[in-house]
Amino acid sequence: MTAAPRGAGYTIERELRAAGAVRIAGVDEVGRGAWAGPVVVCAAVTDLGEPPRLPGRGGGTIRLTDSKLLTAAHREAFAEILPGWLTAHALGAAEPAEIDQVGMTEALRRAAVRALTALPHRPDMVILDGKHDLLGGPWRVRCEVKADQRSVSVAAASVLAKVHRDRLMARLGEEFPAYGFADSAGYPSPTHQRALEESGPTPYHRLSWSYLDDLPRWRHLRKHRDPLAGTGQLSLL
């Protein structure tokens, strides 16, 4: 039997509180590597209270952690509880056309800023999962590797972003059933790749990505940013 994943804690948040930060937002993203659909970012703020748990097998409990370590059913269950438990949360997104125009790094920054500015109060500190500060000033940022497994705030953001995007991709899958978006969430599954070869990209695909180079019938749709323009302008090559 696979052991339940360890839950996230508050070590990072408490260090930041001790240094004077009052409002701390955990931020996480989903959809960075997908071929279709938006990239989605969630910002989540807690009061450092005991995080919710789900009932597990044998009288055990399922603790909040990185969404990738939870089953789909557990993610959905946490997503129903977290909005009422969190002090605040907000979502931001960048759509495929914007990703094509400005690139993934800038698209992620914009989506994160949209989430953070949608919070009712500006956070004093932002916890980002990973090594790199994609936000920059004026935001005060703490980067932490595996923060989605170590920080309750980031874990909550991870779950809410994942569930929101999965639901969105399932709805897009109803419009384009051959692509299997409900199962793949826009990532390159065999079903998704077969549909691309046969029917080409949908309006929800990222057209600046290199997968189009491997699709001779659709290669002409590939979009390229002009590096000399300096404005994110796209050209069709």
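Below, each value reflects all heavy atoms present in this structure, side chains not excepted, and no hydrogens, waters or symmetry copies. It should be emphasised that the depicted structure is a prediction, and the values quoted were computed from it without experimental measurement.
Screening Ser184, Pro201, Ser199 for a side chain to side chain contact (heavy atoms under 4.5 Å, CB included) with Tyr179, the sole residue that qualifies is Ser199. When each of Val27, Asp28, Leu16, Val141 is paired with Ile127, the side chain to side chain contact (heavy atoms under 4.5 Å, CB included) condition holds for Leu16 and for no other. Looking at Asp213, Asp214, Asp100 one by one, the single match for salt bridge (charged side-chain N to carboxylate O under 4.0 Å, His left out) with Arg222 turns out to be Asp213.
Between Leu82 and Pro52, the closest side-chain pair of non-hydrogen atoms falls below 4.5 Å. A 4.5 Å side-chain heavy-atom check between Phe78 and Leu64 finds at least one atom pair inside the cut-off. Contact of the Leu160 side chain with the His89 side chain is registered, since non-hydrogen atoms from C-beta on lie closer than 4.5 Å. Under the 4.5 Å side-chain criterion, counting only non-hydrogen atoms from C-beta, Val113 is in contact with Trp139.
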Stepwise, does the side-chain contact (heavy atoms from CB on, under 4.5 Å) test hold for Leu212 with His205?
CA-CA 10 Å; Leu212 279 169; His205 276 86; over 6 Å; no

| task | Under the side-chain contact (heavy atoms from CB on, under 4.5 Å) rule, what do Asp148 and Lys68 come out as? Steps first, then yes or no, please. | result | CA-CA 9 Å; Asp148 47 9; Lys68 296 186 291 297; 3.5 Å; yes

Leu48 and Arg14: CA distance, side-chain angles, deciding distance, side-chain contact (heavy atoms from CB on, under 4.5 Å) verdict: CA-CA 8 Å; Leu48 274 63; Arg14 289 190 174 115; 3.9 Å; yes

Discussion item. Could you go through Leu119 and Leu116, starting from their C-alpha distance and side-chain angles, then the distance that decides it, and tell me whether this counts as side-chain contact (heavy atoms from CB on, under 4.5 Å)?
Written reply: CA-CA 6 Å; Leu119 292 172; Leu116 288 165; 4.1 Å; yes

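Under a hydrophobic-cluster definition in which Ile, Leu, Val, Met, Phe, Trp and Tyr are linked whenever side-chain heavy atoms come within less than 4.5 Å, directly or via other members, Val45 and Ile12 are assigned to different clusters.
Here the closest non-hydrogen pair linking Thr87 and Thr46 is OG1-C, 3.4 Å. Nearest heavy-atom pair, Leu168 versus Pro38, reported as atom, atom and distance to 0.1 Å: CD2-CG, 3.5 Å. Of all heavy-atom pairs between Thr191 and Ala178, the closest is CG2-O, 3.4 Å. Here the closest non-hydrogen pair linking Gly31 and Arg206 is O-NH2, 2.7 Å. Summarising the geometry of Asp129 relative to Ala147, their closest heavy-atom pair is OD1-N, 3.0 Å, with the distance given to 0.1 Å. Summarising the geometry of Val152 relative to Trp85, their closest heavy-atom pair is CG1-CH2, 3.8 Å, with the distance given to 0.1 Å.
Side chain of Gln149 to backbone of Asp66: no donor-acceptor contact under 3.5 angstrom is found.
In this structure, CG on Leu69 lies 8.5 Å from OG on Ser158, to the nearest 0.5 angstrom. We find the CG-OG1 distance between Leu54 and Thr71 to be 8.5 Å, quoted to the nearest 0.5 Å. Rounded to the nearest 0.5 Å, atoms CG (Asp47) and CD1 (Ile24) are 11.5 Å apart. Within the model, atoms CG of Leu215 and CD of Gln193 stand 8.5 Å from one another, a figure rounded to the nearest 0.5 Å. Atom CG of residue Asp183 and atom CG of residue Asp166 lie 10.5 Å apart, to the nearest 0.5 angstrom. Taken to the nearest 0.5 Å, the CG atom of Asp124 stands 6.5 Å off from the CZ atom of Arg23.
The pair Arg150-Glu15 fails the salt-bridge criterion, with no side-chain N (NZ, NE, NH1 or NH2) lying under 4.0 Å from an Asp/Glu carboxylate O. Under a 4.0 Å N-O distance rule, the pair Glu175/Arg171 does not qualify as a salt bridge. Look at Glu76 and Arg167 and you find a salt bridge, because one of the NZ, NE, NH1 or NH2 atoms lies within 4.0 Å of a carboxylate O, short of that distance.
Remark: the Glu13 side chain and the Ser153 side chain contain an N/O donor-acceptor pair separated by less than 3.5 Å. Side-chain contact of Ser189 with His192: a donor-acceptor pair under 3.5 Å is absent, judged by distance alone.
Listed by chain and number, the residues in a ring pair (Phe, Tyr, Trp, His ring centres under 6.0 Å) with Tyr211 are Trp35 (sequence neighbours excluded).
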